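Okay, so here's the structure we're looking at.
Numbers restart at 1 for each chain; the letters A, B, ... are given by sequence-line order, proteins then strands. As a basis for the values below, the full set of heavy atoms in this structure was taken, side chains included, without hydrogen atoms, waters or symmetry mates. Just so it is clear, the model here is predicted, and its values are computed rather than measured.
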There are 2 protein chains.
Amino acid sequence: MTRRGETLELAVLGLLHEQPMHGYELRKQLNVVLGWGRLLSYGSLYPALKKMSRAGWITEHVAEPGTTAPVTRRQRIVYELTERGDQRFTSLMSDAGPASWEDDNFDVRFAFFGRTDRDIRLRILEGRRARLQERLSRAQQQLAASRERDTYTEELQRHGVESVEREVRWLSDLIAAERDGVRRQVTKPTETT
Amino acid sequence: MTRRGETLELAVLGLLHEQPMHGYELRKQLNVVLGWGRLLSYGSLYPALKKMSRAGWITEHVAEPGTTAPVTRRQRIVYELTERGDQRFTSLMSDAGPASWEDDNFDVRFAFFGRTDRDIRLRILEGRRARLQERLSRAQQQLAASRERDTYTEELQRHGVESVEREVRWLSDLIAAERDGVRRQVTKPTETT
DNA sequence: GTTAGCATGTAAGGAGTTACATGATTTT
DNA sequence: AAAATCATGTAACTCCTTACATGCTAAC
């Protein structure tokens, strides 16, 4: 019944869904999928992989030098998704959770949209938009209320509101595209500054 | 020589710089200053206040019902900035730290720009911009390299790049304004409340 | 021959959340 | 009389980072 911290787990399962990988490579790929500014630390990655291995979602294969890759530098451990891991992936992608959990996982889930049904995609996108809009109205009220505060605080809040508004528009475009069943191809929204 | 987690500390010191406050009120204000989506939990706030109190940066005054506010609901503990706390605030605002630390603290520092010198403000803004630009070029390379990947991953990366580009422009505007000495009306806002 | 990158791990510690515990006051 | 809000706190737990430990291979 773990509710938080499944983000890393989902990201690993999703990446191994594409192809087996060893930890070092996985870390680099995780940097793309997780929206985090920094690279995930090894102190976090390897224990997580062990845990997932024990849970039966992935398997560890020791790849000896020269057997797998053209130039293998040293012993590497290649992780591969199991069938149960695949089920776990699907469950994590489609299950609804608390708002905070869904917010934490949004980026990762989005990255794996290609392996998810359209109705699930729509639910995730609409849920995200609804939560952002809620946050937006609170922030706008706050902005209107705190006019007395100094310019910098106000500027920070104004910028925050604009960023969220921008993200809401982005989501709306994506939702519209999904509804139309149109395979979206990167239309650059007209920039208004 | 604590390097991380001074974010909360800085935010509290900055808010108490304006006026003394009790914990419950502080939490609401922190929600504005810290860029976090959720409210800070009490389980995090109160121990932090105790710690800062022991360090001598703030003092605790018990405000008995009826003595301070017009309608006091129950016993509240009002926290007030000490002189050493003020020094600590200045130090945290002006000290340069590791990149990750400066990134974590950027929002909070920006919110308190009104109580900081212009050269410090410029250093913080330019530092932030430099780090974002660095991240941007890496992300752009990644985006160009991974054209084979599916549409959603690409879309996510594209959106990420655009967001960062936008933030860089925002920072550039702010830097230009600071350089021009276009005083955004500083230091002490007109006394009200 | 030394530095940089590849590759895997452990131990200690930091900073936060959730759940629990208590109780007054205001609103419905 | 119940529910919401005000107000403060503790204990257990989670997840992550930093620092340490090891050792191979490629490039300069």
Taking only residues two or more places apart in sequence, or in another chain, which ones meet A:Thr82 in a side chain to side chain contact (heavy atoms under 4.5 Å, CB included)? A:Thr59, A:Arg84
Quick check: on DNA chain D, is the nucleotide nearest B:Glu60 upstream (toward 5') of the one nearest A:Arg38, or the reverse? Name the residue that is more 5'. B:Glu60
Using distance only, find each side-chain donor-acceptor pair of residues 13-24 of chain A under 3.5 Å and give its atom names and separation, not counting sequence neighbours.
unit_1	atom_1	unit_2	atom_2	d
A:His17	ND1	A:Arg115	NE	3.4
A:His17	NE2	A:Asp86	OD1	3.2
A:Glu18	OE2	A:Arg115	NH2	3.4

Nucleotide D:dT10, atom C1' - distance to CG of B:Leu49 in whole Å: 15 Å
From CG of B:Leu30 over to P of C:dT17, roughly how many Å is that when rounded to an integer? 11 Å
Sequence neighbours left out, what pairs pass salt bridge (Lys or Arg N to Asp or Glu O under 4.0 Å) with at least one residue falling in residues 132-141 of chain B? B:Asp103-B:Arg135, B:Glu134-B:Arg138
Test item: A:Ser53 side-chain N/O and A:Leu49 main-chain N/O as donor-acceptor pair under 3.5 Å: no
Could you check how far CG of A:Asp104 sits from C1' of C:dG16, rounded to whole Å? 12 Å
In whole Å, I'd like the distance from the CG atom of A:Leu39 to the C1' atom of D:dC16. 14 Å
Identify whether any heavy atom of A:Ile77 sits under 4.0 Å from a base atom; if not, whether one sits that close to sugar-phosphate; answer base, sugar-phosphate or nothing. sugar-phosphate
Who pairs with B:Glu80 by salt bridge (charged side-chain N to carboxylate O under 4.0 Å, His left out), at least two apart in sequence or on another chain? none
Do any pairs count as a ring-ring contact (aromatic ring centres under 6.0 Å, His included) and have a residue in residues 153-176 of chain B, sequence neighbours left out, and if so which ones? A:His159-B:Trp170, A:Trp170-B:His159, B:Phe110-B:Trp170
Using whole Å, what does the distance between atom P of nucleotide D:dT10 and atom OH of B:Tyr46 come to? 11 Å
Whole-Å gap separating P (C:dA11) and NZ (A:Lys50): 13 Å
Applying side chain to side chain donor-acceptor pair (under 3.5 Å), name anything that partners A:Gln87, two or more places apart in sequence or on another chain. none
Note: contacts of residues 7-28 of chain A with DNA chain D (heavy atom, under 4.0 Å) are A:Leu8
Could you check which of D:dT17, C:dT17, D:dA7 has an atom nearest any side-chain atom of A:Ser44? D:dT17
B:Ser137 meets the side chain to side chain contact (heavy atoms under 4.5 Å, CB included) criterion, sequence neighbours left out, with none
Taking the side chain from A:Thr7 and the backbone from A:Asn105, do they hold a donor-acceptor pair closer than 3.5 Å? no
Quickly work out the A:Trp36 CH2 to D:dC16 C1' distance and round it to whole Å. 8 Å
A:Trp101 atom CH2 is separated from D:dT14 atom C1', nearest whole Å, by 16 Å
What's the closest nucleotide to the A:Pro47 side chain, out of C:dT10, D:dG9, C:dT8? C:dT10
Considering only nitrogen or oxygen atoms on both sides, find all protein atoms under 3.5 Å from nucleotides 19-21 of chain C and state each distance.
none

